[in-house]
Amino acid sequence: MLNITHLSVAYGPVRALTDVALHVAAGEIVTLLGANGAGKTSLLRAISGLTPATRGSIQLEGTELTRLPPAQIVRHGLAHCPEGRRIFPELTVAENLDLGAYCRPTDPAAKRANLACAFAYFPVLAERRQQKAGTLSGGEQQMLALGRALMSSPKLITLDEPSLGLAPRMVDLLFDIIRQINRAQRTTVLLVEQNANEALLHADRGYVLENGQITLSGTATELRGNPRVQAAYLGV
Amino acid sequence: MQDFLFYLVSGLCIGSIFALVAVGYTLVYGIIKLVNFAHGEFYMVGAYASFGTYSLLPSSTSPWLAIPLMVLAGGTAGAAIAGLTERVAYKPIRRSGRLAALLTAIGVSFLLQNLFAFFSQARPLQYPTEPHGSVGEICQRTVLLGTDGLVLIRFAYIGAAVLFCALLWYLVLRTRFGRAMRAVSQDADAATLMGIDVDRVIRHTFLIGGGLAGVAGTLIALQGVTEPMMGFLPGLKAFVAAVLGGIGNIAGAVVGGLLLGVIESLAVWAGVPTGYKDVAAFVILILVLVIRPQGLLGRVTRVKV
Ligand SMILES: Nc1ncnc2c1ncn2[C@@H]1O[C@H](COP(=O)(O)OP(=O)(O)OP(=O)(O)O)[C@@H](O)[C@H]1O
Ligand SMILES: [Mg+2]
């Protein structure tokens, strides 16, 4: 599904990613762990084209993304839930969801189905349909961000720290739904998390990113058992 | 009291022009947070284009055909120069910070003023008021309001403002493009992630704003003069109107424009010498910035963490 090789990203003299290789197979949930500043957000932004790659290749089902304008990448089946949710605060919940389907204007049936699906996962969004998104609570905003991502019928969803700032119960609910989306929708998920415990519980495989380089990878079980991961990310 | 009515209506007319120009100011600001000081020059270019169109039309053309054609030409030229300015001057420096953008805008403004001063040899143009029934004569006709004669064509300002603001309202709130515009103005990166071509939205916003300014310039020049500096004061006043209404807010720009026109006009009614009426705008700007910096309809936006 997603195949990244030799990826480097730099902000001027600051090197955020160096020679990263990462692979996500169709139907998987893969998590990317790393401390603050490791380069997780930079990686997701490079995939969605917001931050240009300085070197390397990113392929989504064989399509090279690094050469596409960012607004086109969505049309190839990628939905990126960015760090900090980035919903449109002055637009209503309904308008936010509608914008999620912006890239598929010719498919009203899919849009209706996706909307029903988003409302089924997050009933609160249906209740708050006409409310300005900026007035939602943090957790509701995260639901909206995820619902909005679903609206484009993505093949791959990338999530940047969706659990940030949420209460433990909300985190459980959110991860449950991410897993349901993965199962029911056959949507592949690349999940960036600081909350390694939860992430490794739900993911199939994982990577560890340190100072812009992948230093470890393996199945979720392997990573949970790895002493270095335990010390650095699981607080064992 | 009859005087009051004259000044009120007169203020609403000129306020409609401010509104048309202010709306473009505010649209561009809303999208890329640029105070486009060259906006008044789009207005001037519109006036020149309509004058050029007038000169090209055969003298037998009915004014009722000529005037709409001139307005169309002015709007198109305003849009074209705005699009060109965006492409050549603003797009390359979009990521270079707001000071660079502001200085570029001032530079573009001077450049356009001087280009037109050079090519027109700084001679103001006016529509000839002869013969009877010509464009120039029709646009000087007045109607008696109280004891004063109000130039009839000024009512067209109100008509144009109502028409274009209604169209814009529909575009922004009811169409797919309008939703994309609002998304870009709130968060350009997130809009990109939705598949919105941000560059295209910005380009079209300039076209719309420039078109409205071009129409406004054309309407004003119909009964006044066309000259290279004509956009300077209206541009500044439209900026004040946009700030007064809350910059970035479209309804605010309309309200701000109308209010500014009326205040200016009533200041004259109340005895302020005509030469000083322009000062009213800047007194208002300072008052707004001190008392209510977000403007009348502006909101202080809060960010949730
Ligand atoms: N726009 C930018 N300009 C310059 N440097 C940047 C920029 N964005 C990120 N960086 C730098 O790149 C490195 C990686 O940042 P990134 O945001 O990808 O980290 P992260 O793993 O997402 O961290 P966090 O967990 O805190 O979100 C950091 O050193 C950061 O300072
Ligand atoms: Mg991050």
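We name chains A, B, ... by the order of the sequence lines, and we start the count at 1 in each one.
Residues of residues 54-69 of chain A never come closer than 4.5 Å to chain B when only heavy atoms are counted. Residues of residues 23-40 of chain A having a heavy atom under 4.5 Å from any heavy atom of chain B: none.
Annotation for B:Phe282: atom CZ counts as buried by contact number, over 12 foreign heavy atoms lying within 6.0 Å. For B:Phe177, the CZ atom is densely surrounded, since the number of other residues' heavy atoms within 6.0 Å is greater than 12.
Residues A:Phe88 and B:Ala191 share a closest heavy-atom pair of CZ-N, 3.7 Å.
Contact of A:Arg86 with chain B is made through backbone and side chain together, with heavy-atom distances under 4.5 Å. Heavy atoms closer than 4.5 Å to chain B are found in the side chain of A:Leu50, but not in its backbone.
Atom NE2 of A:His80 and atom CG of B:Asp189 lie 9.5 Å apart (nearest 0.5 Å). Taking CG of B:Leu193 as the reference point, atom SG of A:Cys103 lies at 11.0 Å (rounded to 0.5 Å). Note: B:Met194 CE to A:Arg148 CZ = 3.5 Å, rounded to the nearest 0.5 Å. Atoms CZ and OG1, on A:Arg45 and B:Thr192 in that order, are 9.0 Å from each other to the nearest 0.5 Å.
Exactly one of B:Arg179, B:Arg182, B:Arg176 qualifies for a side chain to side chain contact (heavy atoms under 4.5 Å, CB included) with A:Leu99. That residue is B:Arg179.
Every residue two or more places apart in sequence or in another chain that forms a side chain to side chain contact (heavy atoms under 4.5 Å, CB included) with B:Lys91 is listed here: B:Glu86, B:Arg87, B:Arg94, B:Asp199.
Between chain B and the options A:Gly49, A:Pro105, A:Ala149, A:Gly165, the largest number of non-hydrogen pairs under 4.5 Å is found for A:Pro105. With chain B as partner, the option from A:Gln72, A:Arg75, A:Met151 having the largest number of non-hydrogen pairs under 4.5 angstrom is A:Arg75.
Under the side-chain hydrogen bond (donor to acceptor under 3.5 Å, both in side chains) criterion, the residue pairs touching residues 103-126 of chain A are A:Asp98-A:Lys111, A:Asn114-A:Ser153, A:Tyr121-A:Gln185, with sequence neighbours excluded.
A side-chain donor-acceptor contact under 3.5 Å links B:Gln186 to the backbone of A:Glu90.
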